Visitor: 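Handing you a structure now.
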Amino acid sequence: MRVHIATDHAAFELKQYLVERLTADGHEVVDHGASTYESLDDYPQLIIPAAEAVVADAGSLGVVLGGSGNGEQIAANKVPGIRAALAYNVELATLARQHNDANVVALGGRMQSLEEGYAIVAAFLGTPFSGEERHRRRIGQISAYEGSVRRP
Ligand SMILES: O=C(CO)[C@H](O)[C@H](O)COP(=O)(O)O
């Protein structure tokens with residue numbers, strides 16, 4: 001699977017770790033940066049292009065990282081077509097796919113170990129959407145709202 005990944009400085013080490021592990025797992029990882037550690041970089045500039053790449057690349061998934069993952073989830077969700085879920089354990093990551101058909105997962109690099117972060121992302125990438133009617137209906141309602149919002 002193609003995986004678009006991005007981080008700010010706060011999860012730089014986790015991003016490097018995930019690129020390595022996910023590539024070894026056979027995923028095609030597209031690294032949207034940060035390419036170097038810059039303590040004053042700004043996550044929207046890094047996360048939004050990665051989220052846009054997920055929308056433009058049907059069937060791909062995204063991983064956005066920061067200190068908490070909160071701002072990264074918020075930024076990704078501003079991109080039309082993105083359903084980004086913050087996950088801090090494997091169960092949340094699994095539910096994000098099964099119930100929400102999330103196409104981006106957000107993690108905080110300061111919230112768990114590298115290995116735990118990998119387990120969360122691996123669960124996200126490895127879990128399919130359940131496709132159940134009630135979940136489709138609810139996701140459809142979100143998409144309909146998104147489509148109804150007039151953009152400048
Ligand atoms: O998680 C984040 C946003 O939700 C950022 O990574 C975090 O706010 C960066 O913090 P700092 O600039 O103090 O290193």
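Sequential numbering from 1 along the given sequence is applied to the chain's residues. Every value quoted in this text rests on a predicted model; they were computed, and no experiment measured them. One-based numbering, in listed order, for ligands and for the atoms of each. Keep in mind that the numbers below use all heavy atoms, side chains included, and drop hydrogens, waters and symmetry copies.
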Visitor: Flag Gly67 as yes when one of its N or O atoms lies below 3.5 Å from any N or O atom of ligand 1, and as no otherwise.
Guide: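 Among all N and O atoms of Gly67, at least one is under 3.5 Å from an N or O of ligand 1.
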Visitor: How close does the nearest protein non-hydrogen atom get to atom 8 (O) of ligand 1, and which residue and atom is it?
Guide: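 Checking every protein heavy atom, the shortest distance to atom 8 (O) of ligand 1 gives Tyr43 CE2, 4.8 Å.
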Visitor: Around atom 4 (O) of ligand 1, find the nearest protein heavy atom and jot down its residue, atom name and distance.
Guide: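 Here the closest protein heavy atom is Gly71 N, 2.7 Å.
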Visitor: Which atoms of ligand 1 are found less than 4.0 Å from any heavy atom of Gly66?
Guide: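 Selected atoms, number and element: 1 (O), 6 (O).
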Visitor: Looking at Glu72, which atoms of ligand 1 are within less than 4.0 Å of one of its heavy atoms?
Guide: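 Taking each heavy atom of Glu72 in turn, ligand 1 has 1 (O), 2 (C), 3 (C), 4 (O), 5 (C), 6 (O) under 4.0 Å.
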Visitor: Going by side chain to side chain donor-acceptor pair (under 3.5 Å), name the residues that satisfy it together with Glu115, two or more places apart in sequence or in a different chain.
Guide: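 So Glu115 forms a side chain to side chain donor-acceptor pair (under 3.5 Å) with Tyr17, Arg21.
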Visitor: Is there a side-chain contact between Arg2 and Val29 (heavy atoms, below 4.5 Å)?
Guide: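 With C-beta onward as the side chain, the pair stays apart.
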Visitor: Count the heavy atoms of every other residue, nucleotide or ligand shown that sit under 6.0 Å from CD of Glu20, and state whether that count exceeds 12.
Guide: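 Incorrect, the count does not exceed 12.
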Visitor: How are the rings of His4 and His32 set to each other: parallel, tilted or perpendicular (split at 30° and 60°)?
Guide: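 Tilted: the ring planes of His4 and His32 meet at 30° to 60°.
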Visitor: Taking atom types as modelled and ignoring hydrogens, do the side chains of Ser143 and Gln141 form a donor-acceptor contact shorter than 3.5 angstrom?
Guide: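 Their side chains do not contain a donor-acceptor pair, so the 3.5 Å distance test is not met.
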Visitor: Decide whether an N or O pair under 3.5 Å exists between His9 and ligand 1.
Guide: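 Yes, there is a polar N/O contact under 3.5 Å.
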Visitor: Is there a nitrogen or oxygen of Asp8 sitting under 3.5 Å from a nitrogen or oxygen of ligand 1?
Guide: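 Yes.
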Visitor: Output yes when a side-chain donor or acceptor of Thr127 lies under 3.5 Å from a complementary backbone atom of Phe124, and no otherwise.
Guide: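 Absent.
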Visitor: Quick one: look at Ala10 and ligand 1, take heavy-atom pairs under 4.0 Å, and tell me if it's side chain, backbone, both or neither.
Guide: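 Answer for Ala10: side chain.
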Visitor: For atom 10 (O) of ligand 1, what's the nearest protein heavy atom and its distance?
Guide: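 Residue, atom and distance for the closest contact: Arg110 NH1, 3.4 Å.
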Visitor: Distance alone, cut at 3.5 Å: any donor-acceptor contact between the side chains of Tyr118 and Asp25?
Guide: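 Yes - a donor-acceptor pair under 3.5 Å links their side chains.
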Visitor: Only heavy atoms of Gly69, strictly under 4.0 Å: list the atoms of ligand 1 that pass.
Guide: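 Taking each heavy atom of Gly69 in turn, ligand 1 has 1 (O) under 4.0 Å.
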